[in-house]
Amino acid sequence: MSQIALFGNPNTGKTSLFNNLTGSYEYVGNWSGVTVEKKVGILRSRDAYVVDLPGVYSLHPLSRDEGVATDFLLTESFSTVLNIVDASQLKRNLHLTIQLLEFGKPLVMALNMIDVAERRGMKIDVKQLSTKLGVPVVPVIARTGKGMDELAETLRSAQQPKPLALTYDDVIETAIAKISRYLPDDIERSKRWLALQCLEGNERVYDYLRTKIELEPILAIRKQTEESIRQLPHGRSLRERLHHLRETFIEAVLEDVVVWAEKQPLTWTEKIDAIVTNKYLGMPIFLFFMYVMFMLTFDWLGSPLADLLDQFFSGPLTDTLSRLLTAMGASKFLQELVLNGIVSGVGGVLVFVPQIFILFFFISLLEDSGYMARVAMVMDRLMEAIGLNGKSFIPMIIGFGCNVPGVMAARTIEQPRERLLTILLLPLMSCSARLPVYALFVGAFFQAHQAEVVFSLYVLGIVVALLLAKLFSSTILKNEHSVFVIELPPYRMPQALTLWRSTWDKGKGFVRKAGTFIFGGSVAIWLLSYAGPKGFNVSMDDSFLAAIGGVLAPVLAPLGFGTWQAGAALLTGFLAKEVVVSTMNIIYHVKDTETLQGLMAHYFTPLSAFSFMAFVLLYVPCLATVATIRKETGSTKWTFFAIGYALVIAYIISLLIYEGGKWLGLS
Amino acid sequence: MVLTDLQPGKRATITNLSIMSELLKQRLIDMGIHEGEEVCVKCTMPFGGPVMVEVAGQCICLRRKEAACIGVE
Amino acid sequence: MVANIIIGGAIFAYAGWTLVRHVKKSAKGKCAACSTADACSACGMEERK
């Protein structure tokens, strides 16, 4: 089957288009860098693959995610390029189109966001644009799916385009000819394109060519060309010269294509920006938004819903199951397995689904509205002070949902050191899997101040991350030069459907996990608590689980929770943090959260409960996050470092909280 | 004159990008900030934080010390 | 009695399978509760092909 590759500038709607073309539900958002990895789907007509790629401004990559797109061009085979273009930013988008046309594959242009362009006072003559560039142009609205049929049809019949009518100046054309002559004849990519990319200084292309030929002569030609360009009256660099010549060409193309009408005075994006990125209000508004999010999740909406679910699990569900099992003549063993193991373990986690969905809803809202990039801007000054940049804050917010995509999102950070630092600190962002643990404990010990206590834990995670960032960036990860540039997209009214889908996509994984891994984990933990060295159905304190957890207990004693129960729960939490809650439910042998919370008062004091929550927040990234860190950093050393520092810092912080609290007389 | 000297809301034309670092210059050029283009400072963040500028209808945010490397007229 | 063995066996078999699968997937960097679960390069691709 043939392959269609989707190229376009960041945040032009590639993934929306991809979803509409293939019927998938990939993750979309309104900021640059949502997609950091290529994704493959099948066209609705089932006759071609579509590959979604991270957004790029040019084929010369500056960050990791952009490299994915260039590598795709160099190493994969595909039949057609689908170039999605933001109509409101036509001039800038066409720079990429030119480079893609130079590549020489059949190209179809999807012209997106015409509505935005019209609001900005631009009228685009699509036919004229198509004739001038020599490629088919299809106007689409990627968000709603308008124009998809025509686009799919055009893609099917895409032809080899006529060579682009752009000739550079004499110096550059001579250099292109020289490099082309030097390139071997059996090379699979267009020689003119390769030559031009070499002149741009594209490292990925260098790497590609290095596997085939000696690179020195090409570098020599580039150097020579660079010098000749510098001697021109303008004194620009070679890269700027290339850009300038393309810009001139694009301006000529656009001359009769775009007609400017009266620009509307003040768009609502500008009005909103006047408030949320206000010099003094920017930061308070962001904090207020976060506060509302936590109040809704824990106080106003989430907790009442969770209580209802809990009542259902402990009441009707348990009764029905118990009656059913008795009717079937199930043995005592089986009854205990189902009621004490599965219902307690899985139910104990499922109870928190409402809270998790509310949290995900807010994260989706943040992503889809366009506020995300503004947050990066508002936070940049603070992040700069600690040796990071505002862009690092975006992965951190994503990390509140789940650390794994957060670590991936760090790819958009240009500076390798800042990227590494962001990845290392990301596990300190409290992900949704840790939320059930907090919900359980605050319900038991901090009834009156649930949202505030949880909020304080999230803040604790952020503050520790920021302090460690400062520490690491001034010691082991010294930054020579920090860069921060970010595009601020226009605000968009989030669509209810997109918002729901995005929330559901994030949340369904949690539900699925409860049905699979948490189920399995609960059975295993229950079995470990049921069996002991002396046989089955032993008292819990003589079980295998007690023996395993007991090893850790003395180490944890100074932190205020030196019981084997806490030790066992923390150990299982490495696989997935929700399991901490399942384990506790099973260990304390209760069927509903309320009794558990009552029972826990025997084992924890409010102070040691807070110390325990802080420890769960910080102690180790879960297995999936560890594996992602390993993959994204490509270094075992840094992966172990991420685990190691987290354990140390968790111990220190919990110790400070517990001992400090005792000293203050809080126990 | 450099970009940071520009009053918020006032427009000017970019004249000089040559003292920027290469990495940043490429990124800015990619985003449409290049010589001859018109810019407008939208707002600045407190405590020496970044500035938000508008170029050809697109808002871009960059640090103040880097904005100070952009010559305008 | 037979029902006991069948149900018990099914529960343990399913539990064992989910545990093995979880550890395998996590070790590849795939997180069940994350939004890139179906999409990230390491895990999504080979399943789809």
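Reminder, nothing fancy here: chain letters follow the sequence lines and each chain counts from 1. Just so it is clear, the values below take in all heavy atoms, side chains as well, and ignore hydrogens, waters and symmetry mates.
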field: A/M328 and C/I7, any side-chain heavy atoms less than 4.5 Å apart
entry: yes
Show, in sequence, the C-alpha distance, side-chain angles and deciding distance for C/Y14 and A/V523, and conclude whether the side-chain contact (heavy atoms from CB on, under 4.5 Å) test is met.
CA-CA 10 Å; C/Y14 177 68; A/V523 171; over 6 Å; no
From the list A/V338, A/L334, A/L575, the residue making the most non-hydrogen contacts under 4.5 Å with chain C is A/L334
Contacts of A/Y530 meeting ring pair (Phe, Tyr, Trp, His ring centres under 6.0 Å) (sequence neighbours excluded), chain-then-number -> A/F333, A/W526
Okay, A/I342 and chain C: the region with an atom under 4.5 Å from a heavy atom over there is side chain
CD1 (C/I5) and OG (A/S331) are apart, to the nearest 0.5 Å, by 9.5 Å
Under 4.5 Å to a heavy atom of chain A? For C/V23 that would be both
Closest heavy-atom pair, A/A524 versus C/L19, reported as atoms and distance to 0.1 Å, is CB-CD1, 3.8 Å
Q. Does C/T18 reach the main-chain N or O of A/T516 with its side chain, forming a donor-acceptor pair under 3.5 Å?
A. yes
Turns out that what part of A/I518 lies under 4.5 Å from chain C's heavy atoms comes down to neither
Okay, A/A330 and chain C: the region with an atom under 4.5 Å from a heavy atom over there is both
Taken in chain and number order and not counting sequence neighbours, the residues that satisfy ring pair (Phe, Tyr, Trp, His ring centres under 6.0 Å) with A/F362 are A/F289
